[in-house]
Structure formats: C-alpha cells, structure tokens
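One is the number of the first residue; the rest follow in order along the sequence. In what follows, every heavy atom counts, from backbone to side chain, and hydrogens, waters and symmetry copies are set aside.
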Amino acid sequence: MNAIANDKLSQELPWTREEFEEKLREKGKGYHIYHPFHVMMYEGKLTTEQLQCWVANRFYYQIAIPMKDGAILSNCPDVDVRKQWIVRITDHDGVGDIVGGIEAWIQLGAAVGLSREDVVSLKMVSPGVRFAVDAYINFAKQRPWQESVCSSLTELFAPHIHQQRISSWPTMYPWIKEEGLTYFKKRLTEARRDVEQGLDVTLNYFSTSREMQMKALDILQFKLNILWVMADSIMLASTLDIKIDGKDYFHQPVINF
C-alpha cells in the first residue's frame with residue numbers, strides 16, 4: 001500500500017463494529033472449502049490415495065497449531081486472554097486420558113488406511129505444505145499477539161467444512177471407518193467457542209481506525225492464502241495425471257536415506 005493510499009485510509013472513519021465483522025466474514029469467499037480439491041472431496045471424487053495424501057499432509061498443520069498458540073501466549077501480557085487461549089493447546093495436545101485433536105487426526109489416518117508411522121513420520125508431507133505451515137508459525141512468533149489472533153479467524157468458516165465432512169463422508173466414502181470422524185465432531189463445538197474469543201479480540205483491537213481494519217483484513221487474507229496454498233500442494237502431490245504443455249508433469253524425486 002503506497003503513501004497516498006495510506007493517507008486516504010487515515011482520513012476515513014472506521015467501519016462500525018458490525019460492518020467490520022461483516023467484512024471479515026465476507027473473506028470466507030476465499031476459504032479453501034472452494035478449492036477444486038475440496039470440492040472434489042465433497043463430491044466424493046477423490047481416490048483413496050488422494051484422501052490419504054490429504055490426511056497425511058494436513059497432520060503437519062495439526063501439530064503446528066499448539067506451537068502457533070504457544071507463540072501467541074508467549075507474546076501476550078494479558079492474563080485474562082491467556083487463561084482463555086491456553087485451552088486451545090490442550091484441545092490439540094490432549095489432557096490426561098482425554099484425546100486431543102492431534103491424536104484424533106492420527107485416528108483419522110487409521111480410518112483412511114494409514115498407519116501411525118505413515119502419519120507421524122511426516123514422510124508424505126509435501127514441501128509446499130511445509131513452507132506454508134512454517135510461515136504461519138513464524139508469523140505467530142514474530143508479530144504482535146493481536147495480529148496472530150486475527151490470523152486464526154479462518155475458524156469463522158471452519159464449522160461448515162467440518163459439518164460438511166461429517167454429513168457427506170459416510171455416503172461418499174463408506175470405506176472410511178466411522179471413528180475416524182471424531183476430529184471433525186470435536187472441532188464443531190471447539191471452533192465456535194474459539195471464534196467468539198478471537199473475533200472479540202480482533203474487533204476491539206483493530207477498530208480504532210480504517211487503516212487498522214484494513215490491516216486485519218490483510219492478515220486474514222494471509223491465513224486464507226496459507227490454507228489455499230496447502231490445498232494446491234496436496235492436489236499437485238496426489239494427482240498423477242497432470243499435463244504441462246501436453247507433457248506429463250514431473251514430480252520431484254526425493255532421495256531418502
């Protein structure tokens with residue numbers, strides 16, 4: 001954004017809280033639920049291997065979430081916010097005998113035919129997914145905690161995609177074991193709770209000026225971009241028949257020792 005644009009923004013009144021929330025929610029039009037790979041998933045058009053690739057790659061994102069949230073906590077001096085936010089870590093890591101999101105995702109891997117080793121070894125994770133997820137963690141480590149909270153607001157759009165999988169997978173992919181859907185059922189309630197806190201922080205912190213509100217929208221777009229790039233990378237990694245100028249796409253050979 002250039003100096004003239006910045007000056008113009010500084011002179012505009014901020015949107016009302018309601019208007020600002022509407023703008024944030026409108027960003028959902030770019031959520032990865034609309035990515036061709038996810039559309040194919042919903043329509044039951046993915047192969048077993050493609051679903052396995054998706055589960056294995058998304059595990060890298062799952063294990064990053066507690067690290068992202070830990071970074072937010074380390075940057076946040078507000079004890080009340082920390083008391084509320086810390087539950088996100090235990091949601092994913094689990095507490096005692098309570099299964100967290102990470103273990104639930106491993107169970108999803110088993111339900112689609114992957115061994116625990118297939119999932120936790122990260123051997124199937126594509127370079128694009130690694131770069132995207134690592135960028136998200138680094139953002140949370142380096143930016144003010146309020147900005148990192150704002151980046152988490154893709155949760156605004158998550159309950160719908162979780163419900164979509166719960167509703168469609170038993171019909172579209174009857175070979176997937178029912179217990180594998182535990183993660184999505186778990187996140188239905190957790191995501192709605194998390195949205196309330198993250199949205200409150202964002203609306204309060206960024207509503208001081210139009211410029212700050214536009215910054216929040218840019219941050220949310222950054223996170224949407226991460227999720228979209230992940231879907232791009234997974235689609236590329238799991239699709240064998242790709243043509244570039246009529247020639248087969250050459251997948252990068254990986255030499256493991």
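The backbone N or O of E12 sits nowhere less than 3.5 Å from a side-chain atom of R210 that would complete a donor-acceptor pair. S207 places no side-chain N or O within donor-acceptor distance of the main-chain N or O of N204, the cut-off being under 3.5 Å. N138 places a side-chain N or O within 3.5 Å of a backbone atom of D134 that can act as its donor or acceptor partner. For the pair R88 (side chain) and D194 (backbone), a donor-acceptor distance under 3.5 Å is present. A donor-acceptor pair under 3.5 Å is absent between the side-chain atoms of D218 and the main chain of K215, judged by distance alone. Of the possible donor and acceptor atoms, none in the side chain of T202 sits under 3.5 Å from a partner among the backbone N and O of L199. The closest donor-acceptor contact from the side chain of Q84 to the backbone of Q197 lies at 3.5 Å or more, if one exists at all. Side chain of Q163 to backbone of H160: no donor-acceptor contact under 3.5 angstrom is found. Checking side-chain atoms of N57 against main-chain N and O of S126 turns up a donor-acceptor pair under 3.5 Å. For the pair S152 (side chain) and V149 (backbone), a donor-acceptor distance under 3.5 Å is present.
The shortest heavy-atom contact between G198 and L153 is C-CD2, 3.7 Å. Across every non-hydrogen atom of Y34 and G28, the tightest pair is CE1-O, 3.3 Å. The minimum heavy-atom distance between A216 and F20, with the atom names listed, is CB-CZ, 3.7 Å. Minimum interatomic distance between S209 and P14 (heavy atoms only, all atoms of both residues): C-CB, 3.7 Å.
Both L181 and F59 belong to a common hydrophobic cluster when Ile, Leu, Val, Met, Phe, Trp and Tyr are linked at side-chain heavy-atom distances under 4.5 angstrom. I89 is not connected to V79 by any chain of hydrophobic side-chain contacts under 4.5 Å among Ile, Leu, Val, Met, Phe, Trp and Tyr, and they are in different clusters. Transitive grouping of hydrophobic side chains (ILVMFWY, heavy atoms separated by less than 4.5 Å) brings V195 and Y205 into a common cluster. Clustering ILVMFWY residues whenever any of their side-chain heavy atoms sit less than 4.5 angstrom apart, transitively, puts V39 in a cluster other than the one holding L227. No continuous path of ILVMFWY side-chain contacts below 4.5 Å connects F131 to M230, so the two sit in separate hydrophobic clusters.
Between Y136 atom OH and I226 atom CD1 the span is 7.0 Å, to the nearest 0.5 Å. Interatomic distance, H35 NE2 to M40 CE, rounded to the nearest 0.5 Å: 10.5 Å. Rounding to the nearest 0.5 angstrom, the gap separating the CZ atom in F157 from the NZ atom in K27 is 9.0 Å. The structure places CG of L220 at 4.5 Å from CG of L224, a figure rounded to the nearest 0.5 Å. Taking NZ from K45 and OH from Y173, the interatomic distance works out to 10.0 Å, rounded to the nearest 0.5 Å. Between the CZ atom of R143 and the OG atom of S151 there is a distance of 9.5 Å, given to the nearest 0.5 Å.
Residues F206 and E147 are in side-chain contact: their nearest non-hydrogen atoms beyond the backbone lie under 4.5 Å apart. Taking 4.5 Å as the limit, some side-chain heavy atom of I63 sits within range of a side-chain heavy atom of Y60.
Around CD1 of I86, the count of heavy atoms belonging to other residues, nucleotides or ligands within 6.0 Å does not exceed 12. The number of heavy-atom neighbours closer than 6.0 Å to NZ of K123, taken from other residues, nucleotides and ligands shown, is above 12.
A cation-pi geometry, defined here as NZ or CZ lying under 6.0 Å from the six-membered ring centre and within 45° of its normal, holds between R58 and Y61. Note that R82 lies outside the cation-pi zone of W85, set by a 6.0 Å cut-off to the ring centre and a 45° limit from the axis.
Checking Q221 against N225 by side-chain atom types alone, a donor-acceptor pair falls below 3.5 Å.
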Can you give me every donor-acceptor pair (side chain of residues 90-109, partner residue at least two apart or in another chain, under 3.5 Å) with its distance?
residue : atom : partner : partner atom : Å
T90     : OG1  : V87     : O            : 2.9
D91     : OD2  : R193    : NH1          : 3.4
D91     : OD2  : R193    : NH2          : 2.4
E103    : OE1  : R116    : NH1          : 3.3
E103    : OE1  : R116    : NH2          : 3.3
E103    : OE2  : R116    : NH2          : 2.5
W105    : NE1  : V55     : O            : 2.8

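Taking a cutoff of 4.0 Å between a charged side-chain nitrogen and a carboxylate oxygen, K23 and E19 do not qualify as a salt bridge.
Between W228 and Y31, a ring centre-to-centre spacing not shorter than 6.0 Å is recorded.
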